[in-house]
Amino acid sequence: MVFTFFAPLATGVTGFAAGAVAVLLLVYGVGAAAGNLAGGRLADLAPRRSQLGLLAALAAGLVVMWAVSGSMAATAVMVLAVGALGFAVIPGMQARVLATAAAAPTLAMAVNASAYQLAAAFAGWLGGRVIGTGLGLPALYLAGAAVTLAGLALSAYAWRHTHVRSASRP
């Protein structure tokens, strides 16, 4: 949601010049690449804890981004951090999909990729609805944090459900 409205948030809320948006997107991309590498390592070490911890950290990062959105320097740092956290979650989720759907991994990855695209479309729609309430652009950070917390709750439930189910097998 925040990424969909990245340019208006950067220019309209934080006050960056339009020309700075490309540089901020590069900063986000650097964070995303670093986060993807770190997330893969974390998922190898502790898949459950890393997935849940990274989702919690991403939600917190979005709240911090909301809090510092009036500061260009702090926002630039948070663009890097949110890019890293957002992409650090992905390797663990992908590995979980592959492990869960061992009988049809190619199909599972295709469905998972489709789900990401549906989520991006939903995020754009939801962001528009949030803006339409009159809360303004900064509310997108908090709405993104709320959606991330919902994902955290769903992930925690799924991990718990998988653990209980596998523990009950002989």
Side-chain angles (χ1 to χ4, degrees), residues 1-47 49-96 112-156:
M1 183 181 322
V2 170
F3 190 77
T4 299
F5 294 92
F6 188 84
L9 284 165
T11 58
V13 174
T14 307
F16 283 102
V21 172
V23 175
L24 289 170
L25 288 170
L26 178 63
V27 169
Y28 182 88
V30 168
N36 201 297
L37 290 170
R41 289 195 173 102
L42 289 170
D44 286 344
L45 295 173
R49 278 187 290 162
S50 67
Q51 182 179 353
L52 300 179
L54 287 167
L55 284 169
L58 177 57
L62 289 167
V63 171
V64 170
M65 204 163 184
W66 168 77
V68 303
S69 63
S71 165
M72 287 186 198
T75 295
V77 169
M78 289 311 298
V79 165
L80 180 75
V82 167
L85 290 167
F87 277 76
V89 174
I90 295 171
M93 288 185 175
Q94 296 284 62
R96 183 148 166 78
N112 197 41
S114 297
Y116 276 115
Q117 299 309 313
L118 286 172
F122 175 74
W125 174 83
L126 183 59
R129 302 289 296 188
V130 168
I131 294 168
T133 65
L135 295 173
L137 285 167
L140 293 172
Y141 294 120
L142 299 178
V147 170
T148 303
L149 288 173
L152 172 62
L154 184 61
S155 292

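Just so you know, residue 1 is the first one in the sequence shown, and it goes up from there.
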Would you say the side chain of L54 lies within less than 4.5 Å of the side chain of M93, judging by non-hydrogen atoms?
-> no

Contacts of N112 that satisfy side chain to side chain donor-acceptor pair (under 3.5 Å) - sequence neighbours left out | Q94

V23 vs F16 side-chain heavy atoms within contact, under 4.5 Å | no

Does the side chain of V13 come within less than 4.5 Å of W66's, by heavy atoms?
-> no

For A43, what residues pass the side chain to side chain contact (heavy atoms under 4.5 Å, CB included) criterion, not counting sequence neighbours?
-> S50

Output for pair (F3 CZ, Y28 OH), nearest 0.5 Å, gives 5.5 Å

Taking only residues two or more places apart in sequence or in another chain, which ones pass ring pair (Phe, Tyr, Trp, His ring centres under 6.0 Å) with Y116?
-> none

Of all the heavy-atom pairs spanning L24 and A10, show the shortest one and how long it is.
-> CD1-CB, 3.9 Å

Does a side-chain heavy-atom distance below 4.5 Å link T14 with L9?
-> no

Can you give the donor-acceptor pairs under 3.5 Å from side chains of residues 70-82 to other protein atoms, not counting sequence neighbours?
residue	atom	partner	partner atom	Å
S71	OG	A74	N	3.2
T75	OG1	V68	O	3.2
T75	OG1	S71	O	2.8

Residues passing the ring pair (Phe, Tyr, Trp, His ring centres under 6.0 Å) test with F87, sequence neighbours excluded, are none

Do any side-chain atoms of residues 138-155 form donor-acceptor pairs under 3.5 angstrom with protein atoms, and if so which ones, sequence neighbours left out?
residue	atom	partner	partner atom	Å
T148	OG1	G144	O	2.8
S155	OG	Q51	NE2	3.1
S155	OG	G151	O	3.0

Interatomic distance, CG@L62 vs CE@M1, rounded to 0.5 Å, equals 9.5 Å

